[in-house]
Amino acid sequence: SYLKQRNVKKIDLFVISHFHYDHTSQALDVIRNMDIGTVLIPSLSPENIPDSYFYKSLTEDARNGYYNLAYAKDGLEFTIGQGILKVIGDTFNSENINNTSTVVSFTQGDFVYLNTADCETDRESMLLELLPENVDFLTAGHHGSSDATSQRFLDSVNPAFVGISA
């Protein structure tokens, strides 16, 4: 309803970081009631593909032509307005679903935003060489929990501001 109240009818890129319920529970409602260009999801190995109504519906709707489905791959870029959203690192296939999260940065001019979704510290450490430095805004990993956004990670990206999503 937030988007409808603002008369938003089209979403060029809809990012699903990973397939935990708290990240997907309302996604089908949004996707099915808006004009969606592309849905970006983790590129999972067969053993990590969820056996869920959500995943099956998402892929079936894409096969039926309702939107394009893009699989996260290091360096994949999307132009959004005057900015670029970039996937950082290939999907890490792990039994820990949090660590399959798609990591993205958004850059527009001098502004840099970084979102690691629910990646935990072990996954963050694998990405340190790929991450932008001097980030303007960082969404703290895994909703700000103690298993993400380590001091080493913070020192590497040096964010001006950090937000926590609930």
Side-chain angles (χ1 to χ4, degrees), residues 2-3 8-81 83-108 112-127 130-132 135 137-145 147-149 153 157 163-166:
Y2 176 84
L3 297 174
V8 174
K9 294 182 182 354
K10 180 168 178 36
I11 297 175
D12 295 325
L13 179 65
F14 191 95
V15 179
I16 297 172
S17 62
H18 64 295
F19 294 103
H20 270 160
Y21 181 77
D22 62 322
H23 291 258
T24 62
S25 64
Q26 300 300 310
L28 277 181
D29 185 49
V30 173
I31 291 169
R32 287 183 169 165
N33 289 293
M34 306 219 38
D35 179 13
I36 304 291
T38 299
V39 178
L40 175 64
I41 63 172
S43 181
L44 299 173
S45 58
E47 65 273 10
N48 284 328
I49 292 175
D51 183 27
S52 67
Y53 172 79
F54 174 78
Y55 187 83
K56 290 174 186 174
S57 297
L58 184 72
T59 55
E60 182 178 325
D61 288 353
R63 277 193 303 274
N64 289 331
Y66 292 109
Y67 44 79
N68 297 315
L69 203 54
Y71 295 90
K73 181 172 175 45
D74 184 41
L76 181 64
E77 293 184 348
F78 299 88
T79 300
I80 301 172
I84 300 288
L85 184 121
K86 180 179 179 181
V87 175
I88 300 175
D90 289 326
T91 300
F92 180 67
N93 280 281
S94 169
E95 290 180 16
N96 179 345
I97 300 302
N98 289 333
N99 283 336
T100 67
S101 293
T102 298
V103 176
V104 295
S105 67
F106 177 77
T107 304
Q108 184 170 338
V112 179
Y113 167 72
L114 177 63
N115 188 322
T116 60
D118 280 2
C119 286
E120 297 179 9
T121 54
D122 52 341
R123 176 65 178 140
E124 289 173 350
S125 66
M126 294 176 194
L127 295 168
L130 303 172
L131 296 170
V135 169
F137 190 88
L138 167 70
T139 299
H142 202 193
H143 313 280
S145 71
D147 62 4
T149 319
F153 176 82
V157 299
I164 297 175
S165 68

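We use all heavy atoms of the structure for the numbers below, so side chains are in, but hydrogens, waters and symmetry mates are not.
In terms of heavy atoms, D74 sits closest to G89 at OD1-N, 2.7 Å. When all heavy atoms are compared, the tightest approach of V103 to C119 is CG2-SG, 3.6 Å. The two residues P132 and V135 come nearest to each other via the heavy atoms O-CG2, 3.8 Å. Nearest heavy-atom pair across V8 and M34 is O-CE, 2.9 Å. Here the closest heavy-atom approach between residue I11 and residue V30 is recorded as CD1-CG1, 4.0 Å.
For the atom pair OG1 of T59 and CD1 of I41, the computed distance is 7.5 Å after rounding to the nearest 0.5 Å. Going from atom CG of N115 over to atom OG1 of T139 covers 4.5 Å, rounded to the nearest 0.5 Å. A distance of 10.0 Å separates CZ of F92 from OG1 of T100, quoted to the nearest 0.5 Å. Distance check, rounded to the nearest 0.5 Å: NE2 of H20 to OG of S25 gives 13.0 Å. The distance from atom CD1 of I84 to atom CZ of F78, rounded to the nearest 0.5 Å, is 10.5 Å. Between the OG1 atom of T149 and the CD atom of E120 there is a distance of 10.5 Å, given to the nearest 0.5 Å.
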Verdict with supporting geometry, T107 and K86, side chain to side chain contact (heavy atoms under 4.5 Å, CB included): CA-CA 8 Å; T107 304; K86 180 179 179 181; over 6 Å; no
Evaluation steps, side-chain hydrogen bond (donor to acceptor under 3.5 Å, both in side chains), between S94 and N96: CA-CA 5 Å; S94 169; N96 179 345; 5.3 Å; no
Working for side chain to side chain contact (heavy atoms under 4.5 Å, CB included), residues R123 and S101: CA-CA 9 Å; R123 176 65 178 140; S101 293; over 6 Å; no
Stepwise side chain to side chain contact (heavy atoms under 4.5 Å, CB included) check, I16 with F54: CA-CA 11 Å; I16 297 172; F54 174 78; 3.5 Å; yes
Working for side chain to side chain contact (heavy atoms under 4.5 Å, CB included), residues L127 and T116: CA-CA 10 Å; L127 295 168; T116 60; 5.5 Å; no
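When the shell of 6.0 Å around CD of E47 is examined, it contains more than 12 heavy atoms from other residues, nucleotides or ligands. No more than 12 heavy atoms of other residues, nucleotides or ligands lie within 6.0 Å of OH in Y66, so this atom counts as exposed by the packing criterion.
At distances below 3.5 Å, not a single donor-acceptor pair connects side-chain atoms of E124 with backbone N or O atoms of A148. Put simply, the side chain of Y67 gets close to the backbone of L58: a donor and an acceptor are under 3.5 Å apart. Looking at H143, its side chain does come within 3.5 Å of a backbone N or O of S165 through a donor-acceptor pair. Side chain of S43 to backbone of Y71: no donor-acceptor contact under 3.5 angstrom is found. Between the T24 side chain and the A27 main chain, no donor and acceptor come within less than 3.5 Å of each other.
With sequence neighbours excluded, the residues that form a side-chain contact (heavy atoms from CB on, under 4.5 Å) with N93 are L44, S45, N48, T91. Residues meeting the salt bridge (Lys or Arg N to Asp or Glu O under 4.0 Å) test with D12, sequence neighbours left out: K10.
Between I36 and the choices I31, D61, N68, the side-chain contact (heavy atoms from CB on, under 4.5 Å) rule is met once, by I31.
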